[in-house]
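The block underneath contains the structure these notes are about, expressed in structure tokens.
Naming convention: chains lettered A, B, ... in sequence-line order (proteins, then strands); numbering from 1 in each chain.
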Amino acid sequence: MKEFVQKHKQYLLSGVSFAIPFIACGGILIALAIGFAPMGASGPDFTIHEGYNQLQTIKITVLKHILNIGSASFALMLPVLAGYISYAMAGKPGLVAGFIGGYLAKESGAGFLGALLAGILAGHVVNWIKKLPVHKLLKPIMPILIIPILSSLVIGTVMLFVGSPIAGMMEGMQKWLEGMQGSSAILLGLILGAMIAFDMGGPVNKAAFFFGASMLEQGNYHIMGAVAAAICTPPLGMGLATFIQKKLWTQEQRESGIASFSMGMIGITEGAIPFAAAEPLRVIPCIMLGSMTASAIAMVYNVGNHAPHGGPIVLLVIDNRISYIFAIAVGTVVTALSINLVKSLSQSKESL
Amino acid sequence: MKFIAVTACPTGIAHTYMAAENLEKTAKELGHTIKVETQGAMGIENELSAEDISGADALILAADIMIENGERFDNIPKIEVPVQLALKDPKSIFAKKPC
């Protein structure tokens with residue numbers, strides 16, 4: 001059973017690894033286009049109005065084009081996710097059913113969860129068809145004809161039935177998230193922050209990250225805002241900790257503090273790993289505390305992030321920029337002070 | 001011993017390469033030879049050749065995802081671990097028994 005779960009986790013993460021560049025590319029291009037577009041009464045306005053001069057017309061045309069490219073990348077995200085989950089399980093023959101399943105998940109509104117399900121199902125179905133005994137004459141056309149057609153029919157039919165219930169669920173979750181204010185928003189922020197810092201770029205971190213990123217596609221930017229703030233505080237905080245109390249840290253750690261800080265600036269949580277690897281029980285609780293603080297603050301102040309990435313580097317595509325910086329700063333300071341406190345306490349104990 | 005290794009993590013920008021570096025460093029400390037192929041966001045780098053594979057005693061597979069071209073390693077003893085272990089405690093990987 002444990003091995004079964006382990007394997008499936010690997011399949012899912014394989015799909016995620018292929019989908020991440022699509023999310024990043026799509027998210028950033030869309031955010032860029034929206035960021036520079038003129039604001040109409042109901043959000044960014046990409047129509048060319050009468051009375052625009054030539055320069056304005058060109059600007060809108062270019063922005064609209066960028067928006068379309070970004071949207072194309074986003075539209076491919078779910079098919080790629082499901083397709084490569086299936087690919088990880090069943091190899092090349094799995095691609096077709098996975099891609100189609102992911103596409104149908106997108107079309108039916110079943111979204112991220114639907115795509116995960118479609119990918120896993122497609123992989124199993126294809127692996128099962130592969131095992132069927134077939135005549136020697138049929139063998140060559142199995143991978144290019146029989147398997148794709150048969151497996152697509154199966155997945156397509158399944159998605160027909162499960163698509164709309166999942167879509168309903170996603171919509172319900174979306175409504176629930178939108179309605180979340182006050183204490184429940186803080187709670188979600190705390191959970192996401194803890195997950196982000198817990199394994200610094202590992203599977204738990206990716207689960208929280210992907211949740212935020214998939215919410216972007218649903219038009220909710222606040223989850224990603226909280227995630228983005230939490231992403232950068234572990235490396236920023238560890239860096240800061242080495243700057244403010246040098247004597248607590250070895251020469252080597254002080255050097256990696258600088259690297260860690262700069263990785264934090266560009267939103268790479270992994271920067272904190274060298275510290276966490278050396279003293280996991282001291283470092284991980286402290287960076288979790290900092291990330292939880294940062295994402296809870298971001299939640300409270302309705303920070304939105306249009307790009308599936310974190311750290312100060314995405315500032316251009318943030319809503320409520322001041323609050324975002326505030327959230328990061330507080331989270332960073334909390335991380336640094338708590339780890340230095342823990343370290344000085346344990347060091348004074350050792351010297352006794 | 002002669003090791004070969006493949007590292008791969010979901011994002012493929014940090015853990016993959018840090019794990020590879022750690023494995024190389026630790027192998028050297030323990031007096032083993034090792035060649036590490038990385039399967040990160042850039043795809044396969046430092047690819048293991050057929051000679052590398054046939055000449056090796058064991059494969060260390062430090063991956064959170066399904067690796068590409070895994071069928072190359074069908075006939076070699078393997079030590080399979082999560083990427084995290086190569087970051088936290090690489091020595092323990094070399095102490096494991098290949099199977």
Side-chain angles (χ1 to χ4, degrees), chain A residues 3 6-21 23-24 81 84-92 94 123 198-207 209-210 213 231 235 256 259-260 263 266-281 283-284 308-309, chain B residues 5-27 29 37-45 59-74 78-97 99:
Chain A
E3 198 179 333
Q6 187 66 30
K7 274 281 161 213
H8 280 74
K9 202 174 90 190
Q10 256 185 23
Y11 299 144
L12 293 179
L13 287 175
S14 301
V16 168
S17 77
F18 283 93
I20 283 175
I23 312 172
L81 177 66
Y84 280 98
I85 289 172
S86 177
Y87 176 76
M89 299 171 73
K92 254 185 218 165
F198 175 69
D199 60 354
M200 296 154 283
V204 179
N205 165 296
K206 282 287 156 306
F209 167 80
F210 219 82
I231 279 176
S256 59
S260 172
M263 279 165 94
I266 55 172
I268 297 180
T269 320
E270 282 88 337
I273 289 177
F275 296 99
E279 315 168 80
L281 291 180
V283 170
I284 291 176
H309 194 77
Chain B
V6 177
T7 61
C9 70
T11 323
I13 55 172
H15 285 173
T16 303
Y17 300 98
M18 289 158 78
E21 208 182 299
N22 263 2
L23 287 176
E24 278 163 2
K25 212 165 67 188
T26 313
E29 277 173 30
E37 171 179 307
T38 53
Q39 297 194 0
M42 288 296 293
I44 297 179
E45 287 169 286
L59 166 77
I60 294 172
L61 191 55
D64 289 340
I65 57 177
M66 299 304 290
I67 60 159
E68 285 180 62
N69 302 341
E71 68 283 353
R72 288 176 293 171
F73 309 115
D74 282 348
K78 292 176 200 59
I79 301 173
E80 290 187 52
V81 295
V83 171
Q84 294 282 342
L85 194 63
L87 303 176
K88 285 184 187 142
D89 189 6
K91 278 211 174 88
S92 73
I93 299 176
F94 289 91
K96 280 184 199 286
K97 222 178 146 65
C99 54

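Annotation: the span from A:Met200 atom CE to B:Gln84 atom CD amounts to 6.5 Å, rounded to 0.5 Å. Note: B:Met66 CE to A:Ile85 CD1 = 12.5 Å, rounded to the nearest 0.5 Å. Rounding to the nearest 0.5 Å gives a distance of 7.0 Å between CD1 of B:Ile65 and CZ of A:Phe18.
Top candidate by heavy-atom pairs under 4.5 Å with chain A, chosen from B:Ile67, B:Asp89, B:Asp64, B:Val83, is B:Asp64. When each of A:Ala88, A:Gly91, A:Gly271, A:Ala276 is scored by its heavy-atom pairs under 4.5 Å with chain B, the top score falls to A:Ala88.
When all heavy atoms of A:Ser17 and B:Pro10 are compared, the closest pair comes out as CB-O, 2.6 Å.
Few gaps surround CZ on A:Phe210; more than 12 heavy atoms of other groups in view lie less than 6.0 Å from it. When the shell of 6.0 Å around CD of B:Glu21 is examined, it contains 12 or fewer heavy atoms from other residues, nucleotides or ligands.
Between the side chain of B:His15 and the main chain of A:Glu270, no donor-acceptor pair closer than 3.5 Å is present.
Every residue meeting the side-chain hydrogen bond (donor to acceptor under 3.5 Å, both in side chains) condition with B:Thr11, not counting sequence neighbours, appears here in chain and number order: A:Lys206.
For B:Ala63, the part sitting under 4.5 Å from any heavy atom of chain A is the backbone (N, CA, C, O) and nothing else.
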